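Chain letters run A, B, ... following the sequence lines, proteins first, then strands; residues in each count from 1. Quick caveat: nothing in here was measured; it's all calculated off a predicted structure.
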Amino acid sequence: MAEKPSIPKGTRDFGPTEMTRRNYIFETIRRHFRRYGYLPIETPAMENLKTLMGKYGEEGDRLIFRILNSGDFLEGANLQEIQTKGSLFAASQFSEKALRYDLTVPFARFVVQHQNEISFPFKRYQIQPVWRADRPQKGRYREFFQCDADVIGSDSLLNEIELIRLMDDVFSDLTIKTTIKINNRKILSGIAEVTGESDRIVEMTVAIDKLDKIGKQKVKEELLTKGLSADAINKMQPLFESHGDFESKLNFLKTFLAEVSIGLKGIEETEAVIRYLNAFGKQLQNLELDITLARGLNYYTGSIFEVKVNDSRSTFSGSVLGGGRYDDLTGIFGLPNVSGVGISFGIDRIYDVMLEMNLFDQLKLSETTSQVLLANFGQEEEQFSLKILNELRQAGINAEIFPEHAAKMKKQMSYADSKKIPFVVLIGKDEMQSGSLTIKDMATGQQEKLTLNDIISKLSK
RNA sequence: GUGAAUGUAGCUCAGCUGGUUAGAGCAUCAGAUUGUGGUUCUGAGGGUCGUGGGUUCGAGCCCCAUCUUUCACCCCA
């Protein structure tokens, strides 16, 4: 029984058109990564489950794709214990591997494992798919690519500056107007401390993050239901009113966090970043200090980055890049006191945005690489053409021959046409004898007779 | 995990308050043109109407379940 084939929820196939466009984005990002001195690495699609668990928060753990143990996974399992402890426990008994959830944690694992082969600070880039068992929606997939650049083994704020420059360069190059948002986890910690809710920092930041989306009233409600005291929420009030440029926001924070050393440290770092950025001279597209920015995973400890599209041609409101500094991610794998900072481009979202803005049409990307197709007139002509084909390729010209020698010319021409191959060379009995080959320009329809050498020089232009 | 919408040919969609054999455009293939594509004309193939159950004399249409896709929440690239 022939079943209609399908692919798992939240995954996609990419045809030649999409791949050409995606590769354009990948190559643009990769070019800038290399330009800034990052080196490539790759890690396996799967990691040991315990490498991943607990790094992304409770919600993150839930979204990790687990891999069922091979073989008889029931063997040796304590079924009675499973029955009493429930399915979460069962999963841990049957699964010891999982698909990677991001590229940062596997990178931290990589650094610890290869610490003696690496010279620090280590700047690496990594472009690979990640998987999340999330429910798909706009701009959200269960399999998607991240393009990460991280520096590990240096706590200099210069790294932050470089990363901000890098993201600005990439989005400028892709001609997407964006807003780069920065914040600092230490400022958020300071706020939590001032309000006396340090142990609720996660709930607090998650709620504040929604400020511009749902408004301060709703945020306060959420904070209440998450268990923060009314008193604390009151103390937070000035936060909801903070507007203006860097300077006025920072001045506000300096008073607000005057008594909290960690908060002041965060302000200091942020000021330093801005000072450094100015030293570079070049104007950035759009940089904003957003003290409500809390996104990012639990492991962030310093700077936090996020990039949003800020372009009238796009309706996408999610982020296309996320990142930040993590002071001790390698510590859990046994290498303490190593600080890292990194960013992650969400290329699937960037693709969606560029598609919406019709940017690909303007780029005129070509799917076809063949410059010329050799028509196939028959067995004898095919033999002759193969030598021509070889010489074309030797000369650096992308060329192909129609593989069926019984195919009608109409069929072969349509093939060249649909594949947008610009030239077709016809080699029949006449051409074989005279050595003068017929070349057809598919755009104009005009034909001329040329020697192979003339064809090579014509196509080499 | 929560809430909603959706599903008819490869694609985009028609299909009347339930009534014979489910249609169109595009795409594909073939012919008009046995050494010439993109235009045109002619023809052909392709559907267990997402799947399973139910109501009915009768279901693409109504009901239930399930899956897919999409959107929002949660969270995130």
Side-chain angles (χ1 to χ4, degrees), chain A residues 1-12 15 25 29 56-64 101-104 127-148 167 202-203 205-207 209-210 213-214 218 222 225-226 294-298 305-309 315-323 342-353 373 375-378 381 402 406-432 437-447:
Chain A
M1 209 191 339
E3 224 173 278
K4 256 194 190 171
S6 64
I7 53 175
K9 183 197 292 207
T11 64
R12 295 147 303 154
I25 304 174
I29 294 173
Y56 310 107
E58 211 178 307
E59 184 71 13
D61 283 355
R62 202 167 61 79
L63 299 178
I64 292 171
Y101 179 90
D102 72 354
L103 300 179
T104 308
I127 300 178
Q128 289 191 276
V130 302
W131 294 268
R132 294 184 188 177
D134 215 342
R135 197 180 275 204
Q137 54 175 281
K138 191 184 183 75
R140 175 177 299 184
Y141 306 99
R142 297 183 116 179
E143 178 185 60
F144 62 98
F145 271 76
Q146 290 193 327
C147 308
D148 276 35
M167 43 184 124
V202 174
E203 290 88 339
T205 54
V206 163
D209 186 57
K210 295 174 194 160
K213 196 173 166 188
I214 61 176
K218 286 268 164 69
E222 180 167 335
T225 55
K226 288 275 165 66
R295 302 212 162 190
L297 307 151
N298 299 20
F305 311 117
E306 180 176 272
V307 172
K308 291 204 162 189
V309 176
T315 58
F316 186 69
S317 62
S319 56
V320 289
L321 177 147
I343 56 173
S344 180
F345 289 86
I347 110 109
D348 300 80
R349 288 180 172 184
I350 293 171
Y351 175 93
D352 290 348
V353 165
L373 172 79
N376 194 330
F377 279 82
E381 293 89 338
F402 197 84
K408 294 192 171 119
M409 220 23 62
K410 181 187 165 75
K411 169 76 187 159
Q412 303 195 30
M413 284 295 176
S414 319
Y415 174 83
D417 187 51
S418 70
K419 237 181 134 177
K420 297 193 175 66
I421 299 174
F423 293 95
V424 174
V425 169
L426 300 120
I427 307 163
K429 290 274 182 328
D430 293 353
E431 285 85 353
M432 279 170 70
L437 312 178
T438 303
I439 179 164
K440 173 164 181 160
D441 182 329
M442 293 299 279
T444 62
Q446 282 178 348
Q447 298 188 184

Enquirer: Measure from NZ on A:K440 to P on B:rG38 and round the result to the nearest Å.
Expert: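 My rounded result for the distance is 10 Å.
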Enquirer: Respond yes when some side-chain nitrogen or oxygen of A:Q137 is under 4.0 Å from OP1 or OP2 of B:rA72, and no when none is.
Expert: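 So the side-chain polar atoms of A:Q137 do come within 4.0 Å of the phosphate oxygens OP1 or OP2 of B:rA72, strictly under.
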Enquirer: Is there a donor-acceptor pair closer than 3.5 Å between any side-chain N or O of A:R132 and the backbone N or O of A:I64?
Expert: no
Enquirer: Is the phosphate of B:rG35, meaning OP1 or OP2, less than 4.0 Å from a side-chain N or O of A:K429?
Expert: no
Enquirer: Just name whichever nucleotide pairs with B:rA4, Watson-Crick or G-U, keeping both distances under 3.5 Å, else none.
Expert: B:rU70
Enquirer: Expressed in whole Å, how much space separates the C1' atoms belonging to B:rA32 and B:rU69?
Expert: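 Result for the C1' pair: 43 Å, nearest Å.
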Enquirer: Pick base, sugar-phosphate or nothing for A:V130, based on heavy-atom distances below 4.0 Å to the nucleic acid.
Expert: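 If one applies the 4.0 Å heavy-atom cut-off, A:V130 turns out to touch nothing in the nucleic acid.
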Enquirer: Which nucleotide sits closest to the side chain of A:R62: B:rG37, B:rU68, B:rC74?
Expert: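 Taking heavy atoms from C-beta onward, the closest nucleotide is B:rC74.
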Enquirer: Could you pick out which residue, A:I7 or A:F145, lies toward the 5' side of RNA chain B when each is mapped onto its nearest nucleotide?
Expert: A:I7
Enquirer: Is any side-chain N or O of A:D417 under 3.5 Å from a base N or O of B:rG37, one able to act as donor and the other as acceptor?
Expert: yes
Enquirer: In terms of side-chain heavy atoms of A:K138, which of B:rA72, B:rC76, B:rG37 is nearest?
Expert: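 From the listed options, B:rA72 comes nearest.
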Enquirer: Can you find a donor-acceptor pair, distance only, under 3.5 Å between A:Q447 side chain and B:rU36 base?
Expert: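 A donor-acceptor contact between them is present.
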Enquirer: Can you check whether A:A294's main-chain N or O pairs, donor with acceptor, with A:D209's side chain at less than 3.5 Å?
Expert: yes
Enquirer: Using the P atom as the point on both nucleotides, what is the distance between B:rA65 and B:rU28, in whole Å?
Expert: 42 Å
Enquirer: Looking at the side chain of A:K226, which of B:rC75, B:rA77, B:rU36 is the nearest nucleotide?
Expert: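 Per side-chain heavy atoms of A:K226, the pick is B:rC75.
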Enquirer: Nearest nucleotide by nearest heavy atom, which residue falls closer to the 5' end of RNA chain B, A:G445 or A:E222?
Expert: A:G445
Enquirer: Answer yes or no: is there a donor N or O on one side and an acceptor on the other, between the side chain of A:N376 and the main chain of A:A406, under 3.5 Å?
Expert: no
Enquirer: Using the C1' atom on both, measure B:rC74 against B:rA22 and round to a whole Å.
Expert: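 It works out to 43 Å between them.
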Enquirer: Give the rounded distance in Å between these two atoms: CD of A:Q446 and P of B:rU36.
Expert: 18 Å
Enquirer: For A:Y141, does the six-membered ring have the charged nitrogen or CZ of A:R12 within the cation-pi criterion, i.e. under 6.0 angstrom from the centroid and within 45° of the normal?
Expert: yes
Enquirer: Tell whether A:R140 reaches the base of B:rC75 with its side chain through a donor-acceptor pair below 3.5 angstrom.
Expert: yes
Enquirer: Whole Å only: how far is the OH atom of A:Y101 from the P atom of B:rC75?
Expert: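 Distance, rounded to whole Å: 12 Å.
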Enquirer: Assess whether one donor atom and one acceptor atom, taken from the side chain of A:E431 and the base of B:rG35, lie less than 3.5 Å apart.
Expert: yes
Enquirer: Over all strands shown, is A:G378 touching base, sugar-phosphate only, or nothing at heavy-atom distances under 4.0 angstrom?
Expert: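 It contacts nothing in the nucleic acid.
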Enquirer: For a quick check of understanding: with a heavy-atom distance under 4.0 Å over all strands, which category does A:A443 fall into, base, sugar-phosphate or nothing?
Expert: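 If one applies the 4.0 Å heavy-atom cut-off, A:A443 turns out to touch a base.
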Enquirer: Counting side-chain heavy atoms from C-beta on, which of B:rA77, B:rA72, B:rU36 comes nearest to A:R349?
Expert: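 That would be B:rA77.
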Enquirer: Applying the salt bridge (charged side-chain N to carboxylate O under 4.0 Å, His left out) criterion to A:D134, which one of A:R142, A:K9, A:R140 satisfies it?
Expert: A:R140
Enquirer: Looking only at atom P, what distance separates B:rC11 and B:rC49, rounded to whole Å?
Expert: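 Result for the P pair: 16 Å, nearest Å.
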Enquirer: Looking only at the side chains, is there a donor atom on one of A:E431 and A:T438 sitting less than 3.5 Å from an acceptor on the other?
Expert: yes
Enquirer: Contact class for A:G57 vs. all strands (heavy atom < 4.0 Å): base, sugar-phosphate, or nothing?
Expert: nothing
Enquirer: Taking atom P of B:rU36 as reference, at what distance in whole Å does atom CG of A:L373 sit?
Expert: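 That distance rounds to 15 Å.
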Enquirer: May A:Y415 be described as stacking on the base of B:rG37, applying a 5.5 Å centroid limit and a 30° limit on plane angle?
Expert: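 So A:Y415 does not count as stacking on the base.
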Enquirer: What nucleotide, of B:rG37, B:rU36, B:rC29, holds the atom closest to the side chain of A:M442?
Expert: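 Between B:rG37, B:rU36, B:rC29, the one nearest the side chain of A:M442 would be B:rG37.
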Enquirer: Can you check the distance between B:rU2 and B:rC62, where both ends of the measurement are the C1' atom (answer in whole Å)?
Expert: 28 Å
Enquirer: Quick one: closest heavy-atom pair of A:M167 and A:V307, and the distance?
Expert: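 The answer is SD-CG2, 3.6 Å.
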Enquirer: Do A:K410 and B:rU33 share a donor-acceptor pair, side chain to base, under 3.5 Å?
Expert: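 Side chain to base: no pair present.
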Enquirer: Could you state the atom-to-atom distance from CG of A:L321 to C1' of B:rA77 in whole Å?
Expert: 8 Å
Enquirer: Pairing check on B:rU34: which nucleotide meets the Watson-Crick or G-U wobble criteria with it, both distances under 3.5 Å?
Expert: none
Enquirer: So do A:K210 and A:E222 actually touch side chain to side chain, heavy atoms under 4.5 Å?
Expert: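 Heavy-atom side-chain distance check passes, below 4.5 Å.
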Enquirer: Closer than 4.0 Å, any side-chain N/O of A:K408 to the OP1 or OP2 of B:rG31?
Expert: yes
Enquirer: Taking all heavy atoms of A:S317 and all of A:K308, pick out the closest pair and write down the distance.
Expert: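 Looking at all heavy atoms of both residues, the closest pair is O-NZ, 3.5 Å.
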Enquirer: Using whole Å, report how far NZ of A:K210 lies from C1' of B:rA72.
Expert: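 Rounding to the nearest Å, NZ of A:K210 and C1' of B:rA72 are 13 Å apart.
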Enquirer: Checking contacts here: which listed nucleotide (B:rG35, B:rU68, B:rU70) is nearest the side-chain heavy atoms of A:P136?
Expert: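 Nearest nucleotide to the side chain: B:rU70.
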Enquirer: Reckon A:D134 touches a base, only the sugar-phosphate, or nothing at all at heavy-atom distances under 4.0 Å?
Expert: base
Enquirer: Could you check how far CZ of A:R135 sits from C1' of B:rA77, rounded to whole Å?
Expert: 20 Å
Enquirer: How far, in whole Å, is B:rU6 from B:rC13 if one measures between their C1' atoms?
Expert: 14 Å
Enquirer: Checking contacts here: which listed nucleotide (B:rG37, B:rG35, B:rC75) is nearest the side-chain heavy atoms of A:M413?
Expert: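 Looking only at heavy atoms from C-beta outward on A:M413, the closest nucleotide is B:rG37.
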Enquirer: Please classify the nucleic acid contact of A:F377 as base, sugar-phosphate, or nothing, using heavy-atom distances under 4.0 Å.
Expert: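 Here A:F377 touches the bases of the nucleic acid.
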Enquirer: How far does the C1' atom of B:rU33 sit from the matching atom of B:rC26, given to the nearest Å?
Expert: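 Rounded to whole Å, the distance is 24 Å.
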Enquirer: B:rG50 and B:rU8: how far apart are their C1' atoms, nearest whole angstrom?
Expert: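 Taking atom C1' in both B:rG50 and B:rU8, they lie 10 Å apart.
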Enquirer: What contact category does A:G60 fall into here, base, sugar-phosphate, or nothing, at under 4.0 angstrom with non-hydrogen atoms?
Expert: nothing
Enquirer: A:Q412 CD to B:rU34 P: how many Å, rounded?
Expert: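 It is 15 Å, rounded to the nearest whole Å.
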Enquirer: Check every atom of B:rC75, B:rC73, B:rG1 against the side chain of A:E59 and return the nucleotide holding the closest atom.
Expert: B:rC75
